[in-house]
Every structure is written in C-alpha cells, then in structure tokens.
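Comments concern the structure below.
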Number of protein chains: 2
Amino acid sequence: MSGLTDEQQHAWRSLMLATLVLDGALDRQSQRDGGMPHAYYKALVLLYETPGRRLAMGALAAQLRYSLSRLTHAVASMEKSGWLRRSRSTDDRRVQFVQLTDAGIQTVRHVSPLQATEVRARAFSRLTAEQVQQLDAITAAIVQGLDSPTS
Amino acid sequence: MSGLTDEQQHAWRSLMLATLVLDGALDRQSQRDGGMPHAYYKALVLLYETPGRRLAMGALAAQLRYSLSRLTHAVASMEKSGWLRRSRSTDDRRVQFVQLTDAGIQTVRHVSPLQATEVRARAFSRLTAEQVQQLDAITAAIVQGLDSPTS
DNA sequence: GCGGAATACTTGAAGGCTCAACTAAGTTGT
DNA sequence: ACAACTTAGTTGAGCCTTCAAGTATTCCGC
C-alpha cells in the first residue's frame with residue numbers, strides 16, 4: 001500500500017493474479033500430459049536444449065534459478081520416473097551430471113506442443129505483437145536486477 | 001516450442017523467470033517479516049480491505065483465486081496463529097465467515113510497507129511509468145480470459 | 001603435504017498445495 | 001414432506017519446496 005502509486009499497485013495485483021492463474025494452468029497441463037509438475041518439465045526442456053543433453057546439477061540449478069536442494073529432490077524423483085539419470089564426474093567427483101534419457105526426450109517432444117498450445121490460449125492469443133515486445137522488455141528489466149541489491 | 005513465435009517464446013521464458021524470482025523474493029519477505037507465506041498474507045490483505053474485515057470462505061477463495069481446499073488449510077493455519085477466526089453463519093449454516101482479528105490487523109499494518117518496499121525494489125524501480133501502464137494492460141488481458149475456454 | 005576453508009551436492013523434517021472423497025446443510029420437484 | 005440434487009466447506013494422503021544441517025571432495029596457504 002504505502003510506497004506504491006495507485007497505478008503500480010493495480011499493475012502489481014494484476015500481475016500476481018495473472019501469474020497465479022498461468023502457473024496453475026501450466027501445472028495442471030504438465031501433470032495431465034506429462035505426469036509431472038511444470039517445474040520438473042522446465043528442467044527437462046533445459047536439458048533437451050543443451051548440447052549433449054547433459055548438465056551438472058549446479059549449472060542446471062543456476063539456469064533454472066532453483067535451489068540445489070530443490071533440484072536434488074526433483075532430479076531424484078525424475079530419475080525414478082526414468083526421464084534422466086545421474087552420473088558422477090570423474091574429473092571432479094563432487095559434481096553430478098544429469099543426462100536426459102531417451103524416455104525423457106520422448107516426453108519433452110510429446111508435451112512441448114501441447115504446452116505451446118496452452119500458453120498461446122492462455123496468454124498470447126490475448127496480446128498484440130506490440131504487447132509481446134513490451135512484456136519481454138518489462139520482464140527482462142525485472143530479471144536483470146536479480147540478486148543485485150536494488151537501484 | 002512449436003506453435004510460438006520466437007518473440008513469444010522469449011517473452012514467455014522471461015515472464016516465467018521474472019515471476020519465479022519475484023514470487024520467491026516475496027515469499028521470503030513475507031516469511032521473514034510476517035511469519036507466513038505470501039499466499040497467506042494476500043488473504044489477510046484482502047480481508048483487511050473488506051468492509052467489516054469479514055468474508056465467507058467462498059467469497060474469499062473466489063477473489064484470491066484459491067481453491068476452497070487450499071483456503072481451508074490456509075485459514076486453519078492462520079486461525080492457529082491468531083490472525084483470524086472463523087464463525088458459522090446463522091443465516092446459512094453451511095457458510096463460514098472469516099474475520100480478521102486485531103492481531104491480524106496489526107500484522108498487515110506492519111508487513112504492508114515492507115512488502116511495498118520489496119516490490120518497488122524488485123520490480124517498479126526498474127520500470128518507466130509507461131511500462132507500468134503496459135504491464136497493467138497486458139496482465140489484465142490475460143486475467144480477463146480466465147476460465148473462459150480460449151479465443 | 002597438511003589443516004582449514006570453500007565447493008558441490010544430499011538429506012530429513014516441516015509445512016503448503018492438490019486432488020479425490022466426504023460431511024453437512026439448503027433447495028427443488030412432485 | 002421426502003428424495004434427489006446442489007452448494008459450502010472439510011479432510012487426509014501424497015507430493016513439492018524450503019530450510020538447516022550434514023557429507024564428501026577439492027582448493028589454498030604455508
């Protein structure tokens with residue numbers, strides 16, 4: 001309340017509401033079509049797009065902005081489901097590599113277009129091309145200032 | 001991937017990243033300053049702004065876009081913490097009213113300005129006034145089409 | 001090359017969220 | 001007035017995330 005202008009406050013609440021609903025929709029969609037939470041699916045996609053489809057836990061966590069603990073639990077669960085497997089680096093035996101399996105690749109290929117459809121239906125079908133550019137610029141500006149104190 | 005333009009995909013990922021980090025920051029802030037998750041704090045704020053500081057479970061859930069189940073768990077926990085109390089309606093004995101307590105009011109008043117500072121630091125300090133308007137319009141358009149199939 | 005600090009990740013407990021099943025109370029049709 | 005249906009909310013199990021603490025390995029200074 002105090003400290004934000006009316007416009008800021010209204011935009012803030014609208015943003016929180018929009019993301020609450022988007023996240024909910026995406027999570028239900030991931031669960032339905034892929035049998036996993038959306039947060040897990042994002043990890044699979046990142047691996048899928050990585051050359052070799054393999055990353056160390058730390059690198060994966062950093063790119064996803066997940067805590068290492070969260071990722072450890074997630075990877076353990078996804079390994080049980082067969083979408084990926086872990087292997088210790090021989091080079092530095094503290095690091096664990098996470099490798100996407102064939103089953104994981106198939107799952108990404110299956111879920112990906114369904115996800116895109118959902119995102120278009122929920123978000124982009126309602127926005128102009130100009131608004132997409134604006135949204136990109138706005139969110140990029142916010143992401144920019146992460147973990148840097150404040151302006 | 002398929003089905004989204006490059007611009008859409010880039011904006012989408014940026015949005016997911018921005019909201020992931022914003023939610024995380026707000027949650028840590030709510031936990032630190034108010035001793036509760038941000039989702040709980042939002043319920044307190046809504047009650048705070050409601051005349052009489054009292055709402056039925058269903059009305060509260062609808063405005064927050066929470067499931068009734070989620071809200072039941074949340075309210076049970078917040079009642080234990082003393083921020084609100086429940087009372088059955090005598091009019092229709094299925095409905096439960098949720099009333100903010102004095103302790104809840106104090107908590108909202110304490111957390112609110114700290115929250116605003118956090119939001120400004122993380123988000124609005126990086127945006128122009130024009131971008132705030134744009135963000136409002138964009139998120140409003142997304143929220144607009146909720147629970148309506150698709151365009 | 002040894003002791004201490006740093007790095008990379010894991011673990012377990014506690015709490016929040018979802019989903020499906022359930023209870024209780026009001027409404028409707030006949 | 002009674003059965004069937006609907007509405008309002010609760011419950012419990014299971015999974016996900018966080019947080020604090022722990023393990024294992026490597027790096028650094030001397």
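Convention: sequence-line order gives letters A, B, ...; per-chain numbering from 1. Values below: every heavy atom of this structure, side chains too, minus hydrogens, waters and symmetry copies.
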Checklist entry - Would V21(B) and V143(A) count as a side chain to side chain contact (heavy atoms under 4.5 Å, CB included) if you check the C-alpha gap in whole Å, the side-chain angles of each, and the deciding distance to 0.1 Å? => result CA-CA 8 Å; V21(B) 176; V143(A) 171; over 6 Å; no

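- Across all strands shown, A39(B) has heavy atoms under 4.0 Å from sugar-phosphate atoms exclusively, and none from any base.
- To the nearest angstrom, P of dC22(C) lies 18 Å from CG of L68(B).
- Between R13(B) and E49(A) there is a salt bridge, since a side-chain N of the basic residue sits under 4.0 Å from a carboxylate O of the acidic one.
- Seen from the ring of F97(B), R88(B) does not count as a face-on cation partner, given the 6.0 Å and 45° thresholds.
- Following rounding to the nearest Å, H73(A) (NE2) and dT11(C) (P) show an atom-to-atom distance of 9 Å.
- One finds the OG1 atom of T128(A) at 9.5 Å from the CD atom of Q133(A) (value rounded to the nearest 0.5 Å).
- Atom C1' of nucleotide dA20(C) and atom CZ of R70(B) are separated by 18 Å, given to the nearest angstrom.
- Taking every heavy atom of both residues into account, V108(A) and Y41(A) meet most closely at O-OH, 4.1 Å.
- Transitive grouping of hydrophobic side chains (ILVMFWY, heavy atoms separated by less than 4.5 Å) keeps L114(A) and M16(B) in distinct clusters.
- Residue-to-nucleotide proximity on DNA chain C shows that, of G58(A) and R28(A), the 5′-proximal contact is made by G58(A).
- Nearest-nucleotide positions on DNA chain D for Y40(A) and A59(B) put A59(B) closer to the 5' end.
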So which protein nitrogen or oxygen atoms get under 3.5 Å of nucleotides 23-29 of chain C's nitrogens or oxygens?
{"unit_1": "dG26(C)", "atom_1": "OP1", "unit_2": "R93(B)", "atom_2": "N", "d": "3.0"}

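- Using a 4.0 Å cut-off, no side-chain N or O of Q31(A) falls inside it from OP1 or OP2 of dC19(C).
- Atom CG of L55(A) is separated from atom C1' of dC9(C) by 15 Å (rounded to the nearest Å).
- Distance, Y66(A) OH to dT10(C) C1': 19 Å, rounded to whole Å.
- With rounding to whole Å, M57(A) atom CE is found 10 Å from dT11(C) atom P.
- Looking at H10(A) and D136(B), their side chains do bring a donor and an acceptor atom within 3.5 Å of each other.
- Running 5' to 3' along DNA chain D, contacts with non-hydrogen atoms of chain A at under 4.0 Å begin and end at dC16(D) to dT26(D).
- Nearest heavy-atom pair across T139(A) and S14(B) is OG1-OG, 2.8 Å.
- Annotation: cation-pi geometry not satisfied between R120(A) and F124(A) (NZ/CZ under 6.0 angstrom from ring centroid, within 45° of ring axis).
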